[in-house]
Amino acid sequence: MSMEELKTRTTDYLASVGIEVPSHLPTIEEMDEVTPRSAQDVAGRLSALAYVIGLGFGAKGSDLSEQIQKYDLVPFVSEREKSLLSEEVIDDQEKVDMSWQAECAQALAWCIGLVELDHFQHCDDDLAQKIPFTTDPSGFIRSAKLRPIAEIQEQSDLLYRMHWYARTADLPGEIAI
């Protein structure tokens, strides 16, 4: 399926559930324009993110960092996250930002088949229980299997257009469904 066909299919679906997005939004990248991550990279990032998210819920960065190092997850932590993990105290906005990473974790967990996505619900309540936390994640990472890239691409297009809608609905004078 071409990206233009995918865009049309996504736009039609969104319209069917009452979400109107403009036709002028561009298509997402073609497959030959992206370099997908391996299932092991996705599972590694998800495992590291499980610790990083703890910053949003008041966990001490030094404790989280210790676990990340213990389980060799440092390569899956961004420079910004490393910086936050090393701080004694992070501000309220940074805590909120880190707690929002649960949405990223949900998407990554979907990519490796741990969960399903419901775009009209919050993240799974039991998501954290599906990710190795405080145990060695190496088996989890090694055995991870990625969903077909075409399926991930379809979700990417859908989420891109839904994100546009959600951001636009936040503008003064706009109302979301």
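Every heavy atom of this structure was used, including side-chain atoms; hydrogens, water molecules and symmetry mates were not.
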(message) Does any part of the side chain of Lys82, heavy atoms only, come nearer than 4.5 Å to the side chain of Glu79, both counted from C-beta?
(response) yes
(request) Measure across Pro132 and Thr135 and return the closest heavy-atom pair with its distance rounded to 0.1 Å. (result) CB-OG1, 3.8 Å
(request) Provide the closest heavy-atom pair for Ala102 versus Leu127 in the form atom of the first, atom of the second, distance. (result) O-CD2, 3.9 Å
(message) Main chain of Asp118, side chain of Gln121: is a donor-acceptor contact present, judged purely on distance under 3.5 Å?
(response) no
(message) Could you check whether any side-chain heavy atom of Leu64 comes within less than 4.5 Å of a side-chain heavy atom of Val52, counting everything from C-beta outward?
(response) no
(message) Keeping Glu94 on the side-chain end and Leu84 on the backbone end, is there a donor-acceptor pair under 3.5 Å?
(response) no
(request) To the nearest 0.5 Å, tell me how far Phe76 CZ sits from Ser47 OG. (result) 8.0 Å
(request) Examine Leu108 and Ile149 and state if one hydrophobic cluster contains both, with Ile, Leu, Val, Met, Phe, Trp and Tyr joined whenever side-chain heavy atoms are less than 4.5 Å apart. (result) yes
(message) If you count every heavy atom of other residues, nucleotides or ligands that lies below 6.0 Å from Lys60 atom NZ, does the total exceed 12?
(response) no
(request) Could you check if a side-chain atom of Leu159 sits within less than 4.5 angstrom of a side-chain atom of His119, using non-hydrogen atoms only? (result) yes
(message) To the nearest 0.5 Å, what is the distance between CE on Met162 and CD on Gln155?
(response) 9.5 Å
(message) We want to know whether Gln67 and Asp63 form a side-chain donor-acceptor pair, criterion being a heavy-atom distance below 3.5 angstrom.
(response) no
(message) To the closest 0.5 Å, what do you measure between CZ (Arg9) and CG (Leu158)?
(response) 10.0 Å
(message) Salt bridge check, Asp126 against Lys130: does any charged N sit closer than 4.0 Å to a carboxylate O?
(response) yes
(message) Does Glu88 have more than 12 heavy atoms from other residues, nucleotides or ligands lying within 6.0 Å of its CD?
(response) no
(request) Could you work out the complete set of other residues in the hydrophobic cluster of Val96, with links drawn between I, L, V, M, F, W and Y side chains under 4.5 Å apart? (result) Trp100
(request) Decide yes or no on side-chain contact (heavy atoms from CB on, under 4.5 Å) for Phe140 and Ile112, but give the supporting numbers first. (result) CA-CA 11 Å; Phe140 170 78; Ile112 58 173; 3.8 Å; yes
(request) Determine, using the 4.5 Å side-chain heavy-atom cutoff (strictly less than), whether Phe57 and Val77 are members of one ILVMFWY cluster. (result) yes
(message) Would you say that Glu151 contacts Cys111 through its side chain, given a criterion of any heavy-atom pair below 4.5 Å between the two side chains?
(response) no
(request) Look up atom CD in Gln40 and atom OG in Ser143, then write down how far apart they are to the nearest 0.5 Å. (result) 8.0 Å
(message) Counting C-beta onward and ignoring hydrogens, is there a side-chain heavy-atom pair between Asp136 and Lys70 closer than 4.5 Å?
(response) no
(request) Output every pair passing side chain to side chain donor-acceptor pair (under 3.5 Å) with a member in residues 11-36, not counting sequence neighbours, ordered by first then second residue. (result) none
(request) Following the transitive rule for hydrophobic clusters with a side-chain heavy-atom cut-off under 4.5 Å over Ile, Leu, Val, Met, Phe, Trp and Tyr, establish whether Val21 and Met3 coincide in one cluster. (result) yes
(request) Evaluate the criterion side-chain contact (heavy atoms from CB on, under 4.5 Å) for residue pair Glu154 and Met1; output intermediate values, then yes/no. (result) CA-CA 10 Å; Glu154 289 172 14; Met1 169 182 340; 4.2 Å; yes
(message) Please check: side-chain N/O of Tyr71 versus main-chain N/O of Phe133, any donor-acceptor pairing under 3.5 Å?
(response) no
(request) Any chance you could measure Leu73, atom CG, to Ile68, atom CD1, to the nearest 0.5 Å? (result) 7.0 Å
(request) Please check if Leu114 and Leu49 belong to a single hydrophobic cluster, counting links between Ile, Leu, Val, Met, Phe, Trp and Tyr side chain heavy atoms closer than 4.5 Å. (result) yes
(request) Taking only Lys NZ, Arg NE, NH1 and NH2, and the carboxylate oxygens of Asp or Glu, determine whether Asp41 and Arg45 approach each other closer than 4.0 Å. (result) no
(message) Test side-chain contact (heavy atoms from CB on, under 4.5 Å) on Val17 and Phe120; report intermediate values, then the result.
(response) CA-CA 11 Å; Val17 295; Phe120 301 102; 4.1 Å; yes
(request) Decide yes or no for Leu46 and Ile141: does some side-chain heavy atom of the first lie under 4.5 Å from some side-chain heavy atom of the second? (result) no
(request) Name all residues meeting the side-chain contact (heavy atoms from CB on, under 4.5 Å) criterion together with Asp125; count only those two or more places apart in sequence or in a different chain, and write none if there are none. (result) none
(request) Could you tell me whether the side chain of Gln69 and the main chain of Glu66 form a donor-acceptor pair under 3.5 Å? (result) no
(request) Identify whether Ile152 and Ile28 are in the same connected component of the hydrophobic contact network (ILVMFWY, side-chain heavy atoms under 4.5 Å). (result) no
(request) For Met98 and Gly56, work out which heavy atoms get closest and say how close. (result) CB-N, 3.7 Å
(message) Treating Ser86 as the side-chain partner and Ser83 as the backbone partner, does any N or O pair qualify as donor plus acceptor under 3.5 Å?
(response) yes
(message) Working note: Leu55 + Lys95, criterion side-chain contact (heavy atoms from CB on, under 4.5 Å); need CA distance, chi angles, decisive distance, verdict.
(response) CA-CA 6 Å; Leu55 289 171; Lys95 285 181 183 179; over 6 Å; no
(message) Counting neighbours of CZ on Arg147 that are heavy atoms of other residues, nucleotides or ligands and sit closer than 6.0 Å, is the number greater than 12?
(response) yes
(message) What's the separation between atom CH2 in Trp164 and atom CD1 in Ile19, rounded to the nearest 0.5 Å?
(response) 11.0 Å
